[in-house]
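Working notes, structure below.
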Amino acid sequence: MPEGHTIHRLAADHLSRFGGRAVRATSPQGKFADGAALVDGQVMETAEAHGKHLFLGFPGSTWIHIHLGLFGKLGFGTAPAPPPAETVRLRLADTEAYADLRGPTTCALLTDGDKRAIHARLGPDPLRGDDGERAWRRVSRSRSSVAALLMDQKVVAGVGNVYRAEVLFRHGIDPYRAGRDLTRTEWDAIWADLATLMREGVRNNRIDTVRPEHTPEAMGRPPRVDDHGGEVYVYRRTGMPCHICGGEVRTAGLAARNLFWCPGCQPG
DNA sequence: GGACCATGTCTAC
DNA sequence: TAGACCTGGTCCC
């Protein structure tokens with residue numbers, strides 16, 4: 001269940017295992033059989049990510065485009081690969097390693113032109129070294145809530161429900177505030193923080209957002225591990241006390257997703 | 001074994 | 001905004 005940091009990590013993982021090497025490609029599940037046959041035996045030349053989209057590059061300007069969606073997973077293993085499960089959409093393998101893709105929203109072949117079109121409809125990505133200027137132009141003109149804007153991939157590519165909730169908490173911003181009511185200073189701080197948090201997410205392969213001074217050890221409280229593997233302030237902590245003010249963390253539906261925030265620390 | 005939920009996105013109404 | 005879609009983990013019977 002991936003946000004942008006996971007996809008950038010996966011791009012790097014593909015490059016380190018398969019970059020410059022010929023790979024066998026198969027689709028045990030069958031839904032990508034034609035695509036797999038076309039790249040089978042080809043050299044993986046590059047791998048890159050933009051937001052939550054992963055692109056694996058093969059000769060002849062041919063790309064495998066992968067979007068994991070909510071359920072998709074990519075798992076790596078060491079050769080020899082075991083018989084694949086029936087749900088594996090795509091298996092890439094060489095003599096050293098294999099990668100199994102399951103449950104993606106998208107796994108398709110693209111031309112260069114197709115790929116450019118995807119980049120064009122995505123907003124700037126903090127993990128691609130983009131600056132926040134283009135995003136600010138949209139945010140500062142929008143009546144939509146900052147919570148909705150952060151999840152809009154045309155505005156910012158790569159942010160998902162966890163980073164949205166956490167970055168707004170870290171900056172004390174009410175998720176329902178309209179984008180056009182943010183100050184430039186607030187937006188710049190959010191953008192810079194996203195870049196820092198997401199880079200750390202790539203490095204650690206998990207989302208941690210709690211500042212050192214707010215860890216349980218620093219605050220003299222019992223240790224805790226949030227059930228998605230990282231340390232967070234509000235994500236999926238509904239009804240629990242806020243680490244900072246002790247008030248109750250709240251949740252609400254916003255555009256078919258769960259929004260989490262602390263009304264005490266993020267006043268409207 | 002079944003219901004339900006999830007870090008996502010698209011489409012139809 | 002509701003429903004669809006792709007999978008797997010957890011909880012409850």
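First the proteins, then the strands, lettered A, B, ... as listed; each starts at 1.
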Would you say [X] places a side-chain N or O within less than 4.0 Å of OP1 or OP2 belonging to [N]?
X: A/H67; N: B/dT9; value: yes
X: A/R121; N: B/dC10; value: yes
X: A/R89; N: C/dC6; value: no
X: A/Y163; N: B/dT7; value: no
X: A/N161; N: B/dG8; value: no
X: A/R257; N: B/dT7; value: yes
X: A/K73; N: C/dG8; value: no

Considering all heavy atoms of both residues, which atom of A/A11 and which atom of A/A47 are nearest to each other, and what is their separation?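 Closest pair (atom of A/A11, atom of A/A47, distance): O-CB, 3.5 Å.
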Kindly give the heavy-atom pair with the smallest separation between A/I7 and A/G51, and that separation in Å.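 Heavy atoms only, the tightest pair is CB-O, 3.7 Å.
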Remember a base hit wins even if backbone is also touched, and classify [X] as base, sugar-phosphate or nothing at under 4.0 Å, heavy atoms.
X: A/K154; value: nothing
X: A/T87; value: sugar-phosphate
X: A/G160; value: sugar-phosphate
X: A/Q29; value: sugar-phosphate

Any idea how A/F76 and A/H14 line up, ring-wise: parallel (<30°), tilted (30 to 60°), or perpendicular (>60°)?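 Rings of A/F76 and A/H14: perpendicular, over 60°.
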Angle class for the A/F55/A/W63 ring planes (parallel below 30°, perpendicular above 60°, tilted otherwise)?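 Geometry flag for A/W63 against A/F55: perpendicular rings.
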Can you check the [X] [atom1] to [N] [atom2] distance for me, whole Å?
X: A/L122; N: B/dG8; atom1: CG; atom2: C1'; answer: 13 Å
X: A/H53; N: B/dT9; atom1: NE2; atom2: P; answer: 6 Å
X: A/R102; N: C/dC5; atom1: CZ; atom2: P; answer: 21 Å
X: A/Q153; N: B/dC10; atom1: CD; atom2: P; answer: 9 Å
X: A/F32; N: C/dC5; atom1: CZ; atom2: P; answer: 21 Å
X: A/L74; N: C/dC6; atom1: CG; atom2: P; answer: 18 Å
X: A/L68; N: B/dT9; atom1: CG; atom2: C1'; answer: 12 Å
X: A/L194; N: B/dT7; atom1: CG; atom2: C1'; answer: 14 Å

Does a side chain donor of either A/T111 or A/D114 reach within less than 3.5 Å of an acceptor in the other side chain?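 Their side chains do contain a donor-acceptor pair, which is all the 3.5 Å distance test asks for.
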Can you confirm whether more than 12 heavy atoms, excluding those of A/R177, are under 6.0 Å from its CZ atom?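 Atom CZ in A/R177 is packed in, count exceeds 12.
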If the P atom of C/dC6 is compared with that of B/dG1, how far apart are they to the nearest Å?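 Taking atom P in both C/dC6 and B/dG1, they lie 22 Å apart.
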C/dG8 and B/dC10: how far apart are their C1' atoms, nearest whole angstrom?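 Per the computed distance, 22 Å lies between those C1' atoms.
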For the base of C/dC6 and the side-chain ring of A/F71, does the geometry meet a stacking cutoff of under 5.5 Å between centres and under 30° between planes?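 No, the aromatic ring of A/F71 does not stack with the base.
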